[in-house]
A.B. asks: 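This is the structure I have questions about; it appears just below.
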Amino acid sequence: MRPVRVRFAPSPTGALHIGGVRTALYNYLLAKKTNGTMILRIEDTDQTRFVPGAEEYIIQALEWVGIKTDEGVLQGGPHAPYRQSERKSIYKQYAQKLVDDGNAYYAFDSEEELEAMRNRLKATGSVHQQYSATTRMMMDNSLTLPESEVEQKLKSGVPYVIRLKVPDSEEIELHDLIRGEVKVHSSQVDDKVLMKSDGMPTYHLANVVDDYLMQVTHVIRGEEWLPSAPLHVLLYRYLGWEKQMPRFAHLPLLLKPDGNGKLSKRDADQAGFPIFPLNWTDPKTGELAKGFRESGYLPDALLNFLAFLGWNPGTEQELFSLHELIEAFTVERIGKAGARFDIHKAQWFNQQYIKAKPDEELAEYLLASLPAGTCSPERAAKICGVLKERVTFTHDFWLQGKFFFEAPASYDEQVISKKWNDDAIKVLTAFSTALAAIPDLTAAVAKTTLEKVTAELGIGTGKILQALRVSVTGAGSGPDLMLSMEILGSSEVVSRINRALSTIKKV
RNA sequence: GGUCCGUUCGUCUAGGGGUUAGGACACCAGAUUUUCAUUCUGGUAACACGGGUUCGAUUCCCGUACGGACUACCA
């Protein structure tokens, strides 16, 4: 058995889509599980679609979620370069070999001629309008033109492409790790362009050549590649690499949350959830797309969620650390059907992960929302501790814990209209006075003090608790009030109560 | 249109010739929390349809429907 080598090979045409992250994750899991190698290769053969910053984005995104590559564009390796645009000459020689062996040919047809051919075929009611075994003899190529003319065109710099000569009647079979045997008749495969007129290879050629040269053992990629997989098989065969052909695993697609179709940025925007791991500003439009990170998701929660979209361990465990994921992962347990993207589940995972994280780590998220130096890490950790059971996103620590830093600017009107009465005012006044004598306030002391006050006044504690909360936090609900007061400190609580007492009108 | 791939609760899925078809999310209800959230308990809810094969099919086979991907000198 060859050592496992997998690759994640995105195109730098924009931000890395969440589906791409999942593909990278499955590759990574297999690599780690087998002590294999994960390669990051950049497929930038389409110069017209190149987007500046996209490669950097992909690298940062992978880093954020915690998918580490072993070899590739970042750290180099024995098969460098890992950017396909820098491997141009390599592809050229293999394309040449295919031509020399009679498995590929030069084609000189212009765009207009191709268009005309398609229209012609459409008009005659032909099912396929492809450049294929049935049409190639009607076109301008090295199969139809006399050798001298071909040579002359080549020499004089007439633009050309190299096309694969697909056999006209042959059953092409391939074994997919997820789907089993897949058979496609060669008549359904067209004479795909291998080398473009700009001298760059197309995906098909570059992909096969690189996977072979980089000794890739498993090609784990999206299902959208399944239809062209037979073409790739042909390429391996013609290049004489059939024995080294990697195993294929075509992943089910990530689908829109409602309705059908591939998950797209539009759907995410519409439903109001992120689709990119990190914030992404489109350099063309300047439009900002919010990332999972910036939306308050934890990377390990996102990965756990993603892992379960199309894969499951067969047990009832759902919470998996990355390490556990590696242990449990097998390609065999990847499902066949597309998975709808349900952001609710992602939120649930996030909540679980936040709850499980130590307060000190959580504190960093809170601190990030605060001006530097406003709050000690210890205090932030304490605040996160009282908040973490009730938080879904990392920014909720700030949203829900704001009152720890700012005295209420307004008071919940509903609570006031219902609970701000004479009894409440009596208790709060007495409680404030009592607290003033207790500089080191703890939750327990706050509780006994309050109980003492209410007992003396003969008023039920429960009746005024809401009023107390509103005077201290401004809100009608929130984390444990006694603990909150402990964190706030005695003098702050006293001043807030007094301020409420003087500001809020009696009902 | 053609080719290929797919189809178990609303969603992610387990299961697999004989099961009360299991779990999770979401949803609903109750309990806890003198708040809300959390938590706990319970509940609603699924084998797309039609033919075979079989003593028996949700499970195997075929077809239909539906969905998806692909059908570029994009990946």
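First the proteins, then the strands, lettered A, B, ... as listed; each starts at 1. Atom set for the values below is all heavy atoms of this structure, side chains included, hydrogens, waters and symmetry mates excluded.
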A.B. asks: Ignoring the backbone of Glu318(A), work out which of U34(B), U71(B), A24(B) is nearest its side chain.
C.D. replies: A24(B)
A.B. asks: Take atom P in G18(B) and the same atom in U59(B), then report the distance between them in whole Å.
C.D. replies: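 Those two atoms are separated by 11 Å.
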A.B. asks: Considering only U39(B), G15(B), C74(B), which nucleotide approaches the side chain of Arg333(A) most closely?
C.D. replies: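 Per side-chain heavy atoms of Arg333(A), the pick is G15(B).
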A.B. asks: With sugar-phosphate meaning primed atoms plus P, OP1 and OP2, does Gly222(A) contact a base, only sugar-phosphate, or nothing at under 4.0 Å between heavy atoms?
C.D. replies: nothing
A.B. asks: Trp225(A) CH2 to U71(B) P: how many Å, rounded?
C.D. replies: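 In whole Å, U71(B) P lies 8 Å from Trp225(A) CH2.
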A.B. asks: Under 4.0 Å between any heavy atoms, over every strand shown, what does Lys183(A) touch: base, sugar-phosphate, or nothing? Just pick one.
C.D. replies: sugar-phosphate
A.B. asks: If only side-chain N and O atoms count, and only distance matters, is there a donor-acceptor pair under 3.5 Å linking Ser110(A) with Glu112(A)?
C.D. replies: yes
A.B. asks: May I ask you to evaluate whether Lys388(A) reaches the phosphate of A37(B), defined as a side-chain N or O under 4.0 Å from OP1 or OP2?
C.D. replies: no
A.B. asks: If you look at every strand shown and take non-hydrogen atoms under 4.0 Å, does Phe308(A) touch a base, only sugar-phosphate, or nothing?
C.D. replies: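 The residue Phe308(A) makes sugar-phosphate contact but no base contact.
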A.B. asks: What's the CG-C1' distance between Leu177(A) and C5(B), to the nearest Å?
C.D. replies: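 About 16 Å, once rounded to whole Å.
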A.B. asks: Evaluate the ring planes of Phe329(A) and Tyr26(A), with Trp represented by its six-membered ring, and classify them as parallel (under 30°), tilted (30 to 60°) or perpendicular (over 60°).
C.D. replies: tilted
A.B. asks: Tell me which nucleotide among U39(B), U13(B), A26(B) gets nearest to the side chain of Ala339(A).
C.D. replies: U13(B)
A.B. asks: Please work out if Asp191(A) contacts a base, only the sugar-phosphate, or nothing of the nucleic acid, heavy-atom cut-off 4.0 Å.
C.D. replies: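 If one applies the 4.0 Å heavy-atom cut-off, Asp191(A) turns out to touch nothing in the nucleic acid.
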A.B. asks: C1' atom, C25(B) versus U71(B): distance in rounded Å?
C.D. replies: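 It works out to 37 Å between them.
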A.B. asks: Once you round it to whole Å, what is the distance between P of U35(B) and CH2 of Trp420(A)?
C.D. replies: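 So the two atoms are 19 Å apart, to the nearest Å.
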A.B. asks: Using the P atom as the reference point in each nucleotide, state the distance between U44(B) and G22(B) in Å, no decimals.
C.D. replies: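 U44(B) and G22(B) have their P atoms separated by 11 Å.
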A.B. asks: Just how far, in rounded Å, is P of G10(B) from NZ of Lys256(A)?
C.D. replies: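 Roughly 21 Å, once rounded to whole Å.
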A.B. asks: Considering only side-chain heavy atoms of Arg469(A), which listed nucleotide, A24(B), U35(B), G68(B), is closest?
C.D. replies: U35(B)
A.B. asks: Has Arg179(A) got a side-chain N or O lying under 4.0 Å from the OP1 or OP2 atom of C5(B)?
C.D. replies: no
A.B. asks: Name the closest nucleotide to the Ser477(A) side chain, picking from C4(B), U71(B), U35(B).
C.D. replies: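 So the nucleotide nearest the side chain must be U35(B).
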A.B. asks: Output yes when at least one side-chain N/O atom of Asn312(A) is less than 4.0 Å from OP1 or OP2 of A14(B), else no.
C.D. replies: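 Affirmative; the distance criterion is met.
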A.B. asks: Can you work out whether Gln130(A) or Lys447(A) has the more 5'-proximal nearest nucleotide on RNA chain B?
C.D. replies: Lys447(A)
A.B. asks: How long is the line joining CG of Leu121(A) and P of U71(B), in whole Å?
C.D. replies: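 Those two atoms, CG and P, are 18 Å apart.
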A.B. asks: I'd like the P distance from U58(B) over to A46(B), given in whole Å.
C.D. replies: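 A46(B) and U58(B) have their P atoms separated by 15 Å.
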A.B. asks: When you check the phosphate oxygens OP1 and OP2 of A75(B), does a side-chain N or O of Thr45(A) lie under 4.0 Å from one of them?
C.D. replies: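 The answer is yes; a side-chain N or O of Thr45(A) sits under 4.0 Å from OP1 or OP2.
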A.B. asks: Between Lys355(A) and U39(B), is there a contact of a side-chain N or O with OP1 or OP2 at under 4.0 Å?
C.D. replies: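 Lys355(A) to U39(B) OP1/OP2: side-chain N or O found under 4.0 Å.
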A.B. asks: For the side chain of Thr202(A) and the base of C73(B), is some donor closer than 3.5 Å to an acceptor across the two?
C.D. replies: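 Per atom types, no contact qualifies.
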A.B. asks: Quick one: pull up CD1 in Ile487(A) and CZ in Phe404(A) and give me the separation to the nearest 0.5 Å.
C.D. replies: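 Going from CD1 on Ile487(A) over to CZ on Phe404(A), the span is 4.0 Å.
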A.B. asks: Quick test of your reading of the model: are Arg221(A) and Asp211(A) salt-bridged, counting only N-O distances below 4.0 Å?
C.D. replies: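 No.
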A.B. asks: P atom, C47(B) versus U19(B): distance in rounded Å?
C.D. replies: 16 Å
A.B. asks: Suppose we define a pair by two distances each less than 3.5 Å, Watson-Crick or G-U wobble; what does C70(B) pair with here?
C.D. replies: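 Base partner found: G2(B).
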A.B. asks: Students often mix this up, so state it plainly: with edges at 30° and 60°, are the rings of His232(A) and His204(A) parallel, tilted or perpendicular?
C.D. replies: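 Judged by the thresholds at 30° and 60°, the geometry between His232(A) and His204(A) is tilted.
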A.B. asks: Counting heavy atoms from C-beta on, name the nucleotide in C73(B), C25(B), A14(B) closest to the side chain of Ser197(A).
C.D. replies: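 From the listed options, C73(B) comes nearest.
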A.B. asks: Kindly assign one of parallel, tilted or perpendicular to the pair Trp225(A) and Tyr203(A), based on the angle between their ring planes and the thresholds 30° and 60°.
C.D. replies: parallel
A.B. asks: How many whole angstroms separate atom CZ of Phe320(A) from atom P of C25(B)?
C.D. replies: 15 Å
A.B. asks: Which value, in whole Å, describes the distance between the C1' atoms of nucleotides C61(B) and G68(B)?
C.D. replies: 24 Å
A.B. asks: Would you mind checking if Arg83(A) and Asp44(A) are paired as a salt bridge, meaning a charged N to carboxylate O distance below 4.0 Å?
C.D. replies: no
A.B. asks: Once hydrogens and angles are ignored, does a donor-acceptor distance under 3.5 Å link the base of A69(B) to the side chain of Lys262(A)?
C.D. replies: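 In this structure, the two groups form no donor-acceptor pair.
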A.B. asks: Of Gly476(A) and Ala337(A), whose closest RNA chain B nucleotide lies nearer the 5' terminus?
C.D. replies: Ala337(A)
A.B. asks: Over all strands shown, is Val182(A) touching base, sugar-phosphate only, or nothing at heavy-atom distances under 4.0 angstrom?
C.D. replies: sugar-phosphate
A.B. asks: Distance check needed: U34(B) C1' versus Lys463(A) NZ, whole Å only.
C.D. replies: 11 Å
A.B. asks: Among U3(B), A75(B), U38(B), find the nucleotide with the atom closest to the side chain of Glu389(A).
C.D. replies: U38(B)
A.B. asks: What's the closest nucleotide to the Lys345(A) side chain, out of C73(B), U71(B), C12(B)?
C.D. replies: C12(B)
A.B. asks: Base, sugar-phosphate, or nothing for Arg221(A), non-hydrogen atoms under 4.0 angstrom?
C.D. replies: nothing
A.B. asks: Using atom CD of Glu223(A) as one end and atom C1' of C5(B) as the other, report the distance to the nearest whole Å.
C.D. replies: 5 Å
A.B. asks: In terms of side-chain heavy atoms of Glu316(A), which of U35(B), U11(B), G23(B) is nearest?
C.D. replies: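 The listed nucleotide nearest to Glu316(A)'s side chain is G23(B).
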A.B. asks: Please verify the inter-ring angle class for Phe292(A) with Tyr297(A); under 30° counts as parallel, over 60° as perpendicular, anything in between as tilted.
C.D. replies: perpendicular
A.B. asks: Would you say C25(B) has OP1 or OP2 under 4.0 Å from some side-chain N or O of Arg340(A)?
C.D. replies: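 So the side-chain polar atoms of Arg340(A) never come under 4.0 Å of the phosphate oxygens OP1 or OP2 of C25(B).
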A.B. asks: Compare the minimum distances between each of C12(B), C73(B), C74(B) and the side chain of Asp46(A), then state the nucleotide with the smallest one.
C.D. replies: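 My answer, after comparing the listed nucleotides, is C74(B).
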A.B. asks: Under 4.0 Å, counting only non-hydrogen atoms across every strand here, what does Ser11(A) touch: a base, just sugar-phosphate, or nothing?
C.D. replies: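 It contacts sugar-phosphate atoms only.
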A.B. asks: Just checking Phe393(A) against Tyr365(A), ring centres under 6.0 Å apart?
C.D. replies: no
